[in-house]
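Here's the structure we're looking at; comments come further down.
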Protein chains: 2
Amino acid sequence: MRLIVARCEVRYSGRLDALLPESLRLIVVKADGSVLVHADAGGYKPLNWMTPPTVIEERPGRMVVRKRAGASEDRLEIEIYEVLCDVTYDMGSPDDHAALAKDGVEAHLQELLAERPECCGEGFRLVRREWPTDIGPVDLMCRDAEEQWVAVEIKRVGGIEAVEQLARYLERIRRDPALRSCRGVLAAQTVKPQARVLAQARRIAWVEVDLAVLRDEREPELKLFAA
Amino acid sequence: MRLIVARCEVRYSGRLDALLPESLRLIVVKADGSVLVHADAGGYKPLNWMTPPTVIEERPGRMVVRKRAGASEDRLEIEIYEVLCDVTYDMGSPDDHAALAKDGVEAHLQELLAERPECCGEGFRLVRREWPTDIGPVDLMCRDAEEQWVAVEIKRVGGIEAVEQLARYLERIRRDPALRSCRGVLAAQTVKPQARVLAQARRIAWVEVDLAVLRDEREPELKLFAA
DNA sequence: ACTTAGATTTCGCCG
DNA sequence: CGGCGAAGTCTAAGT
């Protein structure tokens with residue numbers, strides 16, 4: 001990894017054109033060819049960057065990073081006016097088994113709800129996870145207390161797209177005469193207002209589920225809103 | 001800006017829990033409180049991070065970054081086992097940081113099309129930009145050569161979501177008796193194959209517009225596909 | 001190679 | 001401050 005602190009000007013051209021005027025910034029060149037240009041504020045996101053694979057061409061006072069992007073080319077031109085620091089560190093093999101382990105993402109939520117489908121609706125029993133349709137799998141397929149079919153879409157944050165997605169699935173599912181009356185439920189940690197409105201219009205129910213409740217196996221306290 | 005190259009282990013807890021095992025990494029602490037942990041590969045995105053505002057608490061061999069996130073708290077715990085580099089640079093006052101100037105984003109496309117609505121369809125005249133509906137504004141509302149209403153959704157890349165979005169708007173718009181017969185046009189620099197198919201099914205027209213053509217005011221050469 | 005869907009999405013705008 | 005939509009989204013997974 002190479003770290004350069006320098007006064008520089010950056011031009012990007014590719015999917016759009018961008019000009020970053022001269023100022024003091026951090027340039028990171030990673031072992032895999034990644035190049036990042038960071039300011040001393042505005043966390044997370046680089047001002048400019050190029051993801052690998054890249055070809056880096058360097059001359060004194062100038063660095064050009066290229067990338068093949070289909071017919072055209074992405075290009076990052078860094079004009080360097082003053083260098084305050086330029087150091088390189090060998091950080092070891094990249095195939096380290098030091099990968100990031102996450103817990104609490106949507107997949108996890110799906111696992112927990114598969115174990116406790118009744119949290120998605122009164123009397124729900126799981127028929128199968130990842131129920132296939134011709135445009136992709138529905139997260140959960142259940143039957144309710146009246147033996148009616150219910151398709152459940154699970155999201156961490158339930159927005160309009162989630163309602164649309166479930167609506168598309170239902171359209172396909174209901175083509176099967178046996179599933180003609182299949183209902184839909186959107187289950188999410190939070191369901192946004194606009195999504196609630198749209199769900200209402202699409203006759204899709206929604207329910208907010210609490211990850212902590214699912215984990216602790218506390219009383220669910222169903223907050224279900226029918227379509 | 002502070003740059004630390006160190007062998008470290010990182011734990012994040014907040015919206016989810018994540019564990020990053022011990023390895024050699026770059027830690028960036030920005031002047032505004034941003035903290036980034038980068039590996040020597042996998043461009044752009046930090047393995048772990050915290051965006052400002054943050055409170056940083058430091059002891060030898062340990063750094064804890066906290067953030068108020070509503071009721072709960074986001075927390076980044078960095079255990080440092082070996083330090084290879086720890087330098088700090090004064091990168092100047094924040095107002096010194098020249099901003100990034102972009103050109104070619106959707107807003108730009110919308111401006112250009114608002115000036116030349118005929119590029120979205122034969123004889124189109126602009127009635128207003130950002131026409132409000134109860135679920136959000138439509139980019140352009142026009143009338144065509146036959147005085148019929150047309151809602152135009154503008155995207156850089158037109159995918160399925162763009163068609164769905166426009167369909168949602170049309171559903172709302174047409175509730176007004178005066179706009180019952182309002183048509184829809186998706187205008188994008190590129191319209192994806194799947195989106196074309198869906199547009200056909202939804203009776204929405206689409207057109208690919210060329211940014212260069214709009215800029216140069218060359219003859220548009222309308223490539224419009226009716227619904 | 002292309003498409004789809006998730007993300008600690010981040011970010012900016014507007015209410 | 002919260003909601004909503006764009007992003008050079010990025011990224012991983014499936015086909």
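Throughout, protein chains are lettered first and strands after them, A, B, ... in sequence-line order, and every chain is numbered starting at 1. What you are looking at is a predicted structure, and each value in this text was computed from that prediction instead of being measured.
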Between [atom2] of [N] and [atom1] of [X], the distance in whole Å:
X	N	atom1	atom2	answer
L47(B)	dA12(D)	CG	C1'	15 Å
R11(B)	dT8(C)	CZ	C1'	17 Å
E161(B)	dG5(D)	CD	P	13 Å
E73(B)	dT8(C)	CD	C1'	15 Å
L109(A)	dA5(C)	CG	P	18 Å
D17(B)	dT8(C)	CG	P	12 Å
K102(A)	dC10(D)	NZ	C1'	11 Å
L76(A)	dG8(D)	CG	C1'	11 Å

*Under the 3.5 Å Watson-Crick or G-U criterion, the dot-bracket string of DNA chain C, with | for inter-strand pairs*: |||||||.|||||||
*Which nucleotide in the set dC11(C), dA5(C), dA7(D) lies at the smallest distance from any side-chain heavy atom of V105(B)?*
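When the side chain of V105(B) is considered, dA7(D) is the closest of dC11(C), dA5(C), dA7(D).
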*Please check the phosphate of dG8(D) (OP1 and OP2 only) for any side-chain N or O of K67(A) closer than 4.0 Å.*
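No, no such contact exists.
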*asked:* I want to check one thing: is the phosphate of dT10(C), taken as OP1 and OP2, less than 4.0 Å away from some side-chain N or O of R15(B)?
replied: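 So the side-chain polar atoms of R15(B) do come within 4.0 Å of the phosphate oxygens OP1 or OP2 of dT10(C), strictly under.
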Over all strands shown, is [X] touching base, sugar-phosphate only, or nothing at heavy-atom distances under 4.0 angstrom?
X	answer
Q194(B)	sugar-phosphate
M50(A)	base
Y44(B)	sugar-phosphate
G43(B)	sugar-phosphate
E153(B)	sugar-phosphate

*Report yes or no: does D40(A) contribute a side-chain atom to a donor-acceptor pair with the main-chain N or O of A31(B) at less than 3.5 Å?*
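Answer holds: yes.
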*Side-chain donor/acceptor of T133(A) to backbone N/O of R172(A), under 3.5 Å*: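 Side chain of T133(A) to backbone of R172(A), a donor-acceptor pair under 3.5 Å: no, none is there.
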_Ion pair E73(B)/K67(B), N-O distance below 4.0 Å_ =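 No salt bridge links E73(B) with K67(B).
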_E9(B): which residues meet the salt bridge (charged side-chain N to carboxylate O under 4.0 Å, His left out) condition with it, sequence neighbours left out?_
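Listed in chain order: R11(B).
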*asked:* Here's a test of your reading of the structure: between A195(A) and E106(B), which maps to the more 5' nucleotide of DNA chain D?
replied: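 That would be A195(A).
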